[in-house]
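Residue numbering restarts at 1 for every chain, and letters A, B, ... go by the order of the sequence lines.
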Number of protein chains: 2
Amino acid sequence: MKRNTWQKEAVRSALGDAGGFVSAQALHAALRESGSTIALATVYRALTGLTDEGEADSLQQEGEVLYRACTPGSHHHHLICRRCGTTVEIEAQPVEEWARRTASEHGFTRAEHVVDIFGVCARCSDLADRASRP
Amino acid sequence: MKRNTWQKEAVRSALGDAGGFVSAQALHAALRESGSTIALATVYRALTGLTDEGEADSLQQEGEVLYRACTPGSHHHHLICRRCGTTVEIEAQPVEEWARRTASEHGFTRAEHVVDIFGVCARCSDLADRASRP
DNA sequence: GACTTACTGAGAACCGTTGTCAAAACGATT
DNA sequence: AATCGTTTTGACAACGGTTCTCAGTAAGTC
């Protein structure tokens, strides 16, 4: 039987607070920072659980996996700031259809797709501009 | 000055032969299999070089990086078989535009996107069907 | 409160990848 | 063809993120 522990709740909550995509290690550091004694392995386990249950999305970037609290049960994609990790959830029916059509046109079955946009958000763009042109 | 070695050529050629996305380790194994004495580190270095020069595309899957020989200088996406790695290059102008528009609508700049479709190709589907219903 | 058993913490282990450095070899030059 | 400066290679160590192991802890049940 599945049990509820303060550790799982702490990870869920910290992931929510993060607002964007964060690594397991960053999340662990943040939790320790705020006084928690949670172990790194537990953070990994909790994140895996959340992802399996559809409460979190994950993506790989530069050799590490990033996690984010996501609207459960909804299929969506992400617009992610490369600088600060801030993320916007996007739905795009036309892209869904395009993906399905493209796959079946080539005889592919059981198709899933990865559609993510990486950029620099308005706030980080501003900061960068001000830094380079003072 | 950049030099040409048989090792680089061997990697380029093996990557071409692979036909789909393969890992550095798999490529190294294949090369050794066919009698080459090339070192693993060299395969990694060659693949990094090819990717930098736009002769290969790469993507991350399950904690490892996969490489593929690609049409140089063309922006395209991939339709990849989860079973055998076979890959089809796809161009999709509407998706490009959608990505650009979505990013700018949310104030994001310097946007790049990742758009890949994973599925099971016709041949692998056939094989799976035959295996389960003999 | 006692019991069962899932979960946690600490560290070792794992695995893909990158760094190090002496030896090899490419390519320009003579 | 022999020499030379420099790039590249190969073998292995090191690295970093993630997973495994296992004894100890604690959630939920009776």
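- Among D/dG10, D/dT18, D/dT9, the nucleotide with an atom closest to any side-chain atom of A/Glu64 is D/dT18.
- The phosphate of C/dT8 has OP1 or OP2 within less than 4.0 Å of a side-chain N or O from A/Thr5.
- Taking for each of A/Lys8 and B/Gly63 the nucleotide of DNA chain C with the nearest heavy atom, the 5'-most of the two is the partner of A/Lys8.
- Distance from the side chain of A/Ile38 is smallest for C/dG9 among the nucleotides C/dG9, C/dT8, D/dT18.
- Here the C1' atom of nucleotide C/dG9 and the CZ atom of A/Arg32 are 9 Å apart, to the nearest Å.
- The nucleotide whose nearest atom lies closest to any side-chain atom of B/Val65 is, among D/dT9, C/dT17, D/dT8, C/dT17.
- No side-chain N or O of A/Glu112 forms a donor-acceptor pair with one of A/His75 less than 3.5 Å apart.
- In this structure, B/Gln25 places its CD atom 8 Å from C1' of C/dT17, rounding to the nearest Å.
- What separates OH of B/Tyr44 from P of D/dT9 is a distance of 16 Å, to the nearest Å.
- A/Arg12 has no carboxylate O lying under 4.0 Å from a charged side-chain N of A/Glu53, or vice versa, which leaves the two without a salt bridge.
- Residue A/Thr37 places its side chain closer to C/dG9 than to any other of D/dG10, C/dG9, D/dT18.
- The side chain of A/Ala24 sits closest to D/dT18 out of D/dT18, C/dT17, D/dG10.
- Among the candidates A/Glu55, A/Arg68, A/Lys8, the single residue satisfying the side chain to side chain contact (heavy atoms under 4.5 Å, CB included) test with A/Leu50 is A/Glu55.
- Residue A/Ile38 is grouped with residue A/Val22 when hydrophobic side chains (ILVMFWY) are merged at heavy-atom distances under 4.5 angstrom, including chains of intermediate members.
- Between the side chain of B/His78 and the backbone N or O of B/Asp116, no donor-acceptor pair lies under 3.5 Å.
- For A/Gln7, a side-chain nitrogen or oxygen approaches OP1 or OP2 of C/dG9 to under 4.0 Å.
- With hydrogens and angles ignored, a donor-acceptor pair closer than 3.5 Å exists between the side chain of B/Arg45 and the base of D/dG10.
- OP1 or OP2 of C/dA6 has not a single side-chain nitrogen or oxygen of A/Lys2 nearer than 4.0 Å.
- Regarding A/Glu62, its CD atom lies at a distance of 12 Å from the P atom of D/dT18, rounded to whole Å.
- Of all nucleotides listed (C/dA10, C/dG27, C/dT4), C/dG27 comes nearest to the side chain of B/Asn4.
- Nucleotide C/dC7 holds its P atom 13 Å from the CG atom of A/Leu50, rounded to whole Å.
- Taking 3.5 Å as the limit, the base of D/dT6 and the side chain of B/Arg3 contain a donor-acceptor pair of atoms between them.
- In this structure, B/Trp6 places its CH2 atom 10 Å from P of C/dC26, rounding to the nearest Å.
- Note: CG (A/Leu40) to C1' (C/dC7) measures 16 Å, nearest angstrom.
- Note: CD (B/Gln60) to C1' (C/dT17) measures 11 Å, nearest angstrom.
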